[in-house]
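Contents: one structure, followed by commentary.
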Amino acid sequence: NAGVTQTPKFQVLKTGQSMTLQCAQDMNHNSMYWYRQDPGMGLRLIYYSASEGTTDKGEVPNGYNVSRLNKREFSLRLESAAPSQTSVYFCASSESKNSPLHFGNGTRLTVT
Amino acid sequence: QKEVEQDPGPLSVPEGAIVSLNCTYSNSAFQYFMWYRQYSRKGPELLMYTYSSGNKEDGRFTAQVDKSSKYISLFIRDSQPSDSATYLCAMSPTDSWGKLQFGAGTQVVVTP
C-alpha cells in the first residue's frame with residue numbers, strides 16, 4: 001500500500017525556471033495538502049484542497065499554484081522559481097478535513 | 001513571534017531513559033493538539049492527538065496539555081534507539097487541518 005506518493009524526490013532548478021511537483025494518494029482521501037518545511041520554521045501550509053474541485057490558500061501561497069486534478073492527485077506548480085523557494089515540500093492527505101494527516105516522503109527542491 | 005515555539009535540540013538520552021518534550025504557544029484559541037514523529041528523509045507520522053486539556057496515554061507515549069499555561073508535553077518512557085527522530089508538535093483552533101500550526105521540531109537521539 002503506497003499511501004501518499006510524491007515525485008520527484010529531488011530537483012534542482014535555476015532561478016526563473018518552472019516545474020510541477022506531483023502528489024498522488026491511494027487511500028481514497030477527500031482532503032489533500034501541500035506544506036513546505038524549512039530549518040527552524042516548521043511545516044507551513046501552502047495550499048489545501050478540502051475536497052475534489054476545491055482549493056484554498058494556506059499560510060504561504062505566494063509564488064505557487066495548485067491543481068486538484070481528480071480525487072487522487074494534487075499538484076503544486078512553481079511558475080518562476082526563486083531561491084527563497086528552496087525547501088522540502090510535503091504532500092499530505094486526510095479522509096476529511098478533520099481526520100489525521102498522512103504525509104508523503106517529500107520532494108527536496110533547490111533553486112540556484 | 002511564532003505562534004508555536006519548540007526547542008530544536010538535539011536532545012540526547014541513554015536507552016531506557018524518559019524523553020521529555022514540550023511546546024509553548026501563544027494562541028489561546030488552539031483546541032486540538034498533536035505530536036508527529038519524523039525520521040530522517042521521511043514525512044511526519046501522527047503519534048498522538050488530544051483535544052483540549054488533560055492527559056492521554058498510548059503505550060510508552062504520554063501527551064499532556066495545559067491550556068492555562070499554553071504548554072503541551074510529550075513523554076516517551078523506556079526510550080529505544082528506534083525512537084531517535086525529530087518530534088513535531090502541531091495544534092489547531094478548529095478540527096479543520098487547514099488551520100494546523102506546527103512547531104519547528106525537536107531532534108531526539110537515544111544512544112544504546
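What you see is a predicted model; the values in this text were computed from it and never measured. Here is how names work: the chains are called A, B, and so on, in the same order as the sequence lines, proteins then strands, and each is numbered from 1.
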Taking side chain as everything from C-beta outward and backbone as N, CA, C, O, which of these in B:Y39 sits under 4.5 Å from a heavy atom of chain A? Side chain, backbone, both or neither.
neither
Can you tell me how far apart CG (B:L88) and CD (A:Q37) are? Round to the nearest 0.5 Å.
6.5 Å
Mind checking whether A:W34 and A:V111 sit in one hydrophobic cluster, side chains of I, L, V, M, F, W, Y counted as touching below 4.5 Å?
yes
Heavy-atom pair count under 4.5 Å with chain B, highest-scoring of A:S99, A:P100, A:G104
A:S99
Is there a path of hydrophobic side-chain contacts, each under 4.5 Å between heavy atoms of I/L/V/M/F/W/Y residues, joining B:Y51 to B:F102?
yes
Just so I understand: if I count every heavy-atom pair under 4.5 Å between each of B:P8, B:A90, B:P44 and chain A, which residue has the most?
B:P44
Under a 4.5 Å side-chain heavy-atom rule over Ile, Leu, Val, Met, Phe, Trp and Tyr, are B:M48 and B:L21 clustered together?
yes
Is it true that, when you exclude A:E95 itself, more than 12 heavy atoms of the residues, nucleotides or ligands shown sit nearer than 6.0 Å to its CD?
no
Cluster check B:L11, B:V110: I/L/V/M/F/W/Y, side chain < 4.5 angstrom:
yes
With a 4.5 angstrom heavy-atom cut-off, which part of A:R108 approaches chain B: side chain, backbone, both or neither?
side chain
Can you confirm whether more than 12 heavy atoms, excluding those of B:I18, are under 6.0 Å from its CD1 atom?
no
Side chain / backbone / both / neither for A:E59 at chain B, heavy atoms under 4.5 Å
side chain
Could you tell me the separation between the CG atom of B:L100 and the OH atom of A:Y48, rounded to the nearest 0.5 Å?
11.5 Å
For residues B:F30 and B:Y87: do they belong to one hydrophobic cluster (side chain heavy atoms under 4.5 Å, members Ile, Leu, Val, Met, Phe, Trp, Tyr)?
yes
Pick whichever of B:M34, B:K2, B:Q6, B:Q38 has the most heavy-atom pairs under 4.5 Å with chain A.
B:Q38
Donor-acceptor pair, side chain of A:N105 and main chain of B:K42, under 3.5 angstrom:
no
Return the OH to CG distance between B:Y36 and A:L101, rounded to the nearest 0.5 Å.
4.0 Å
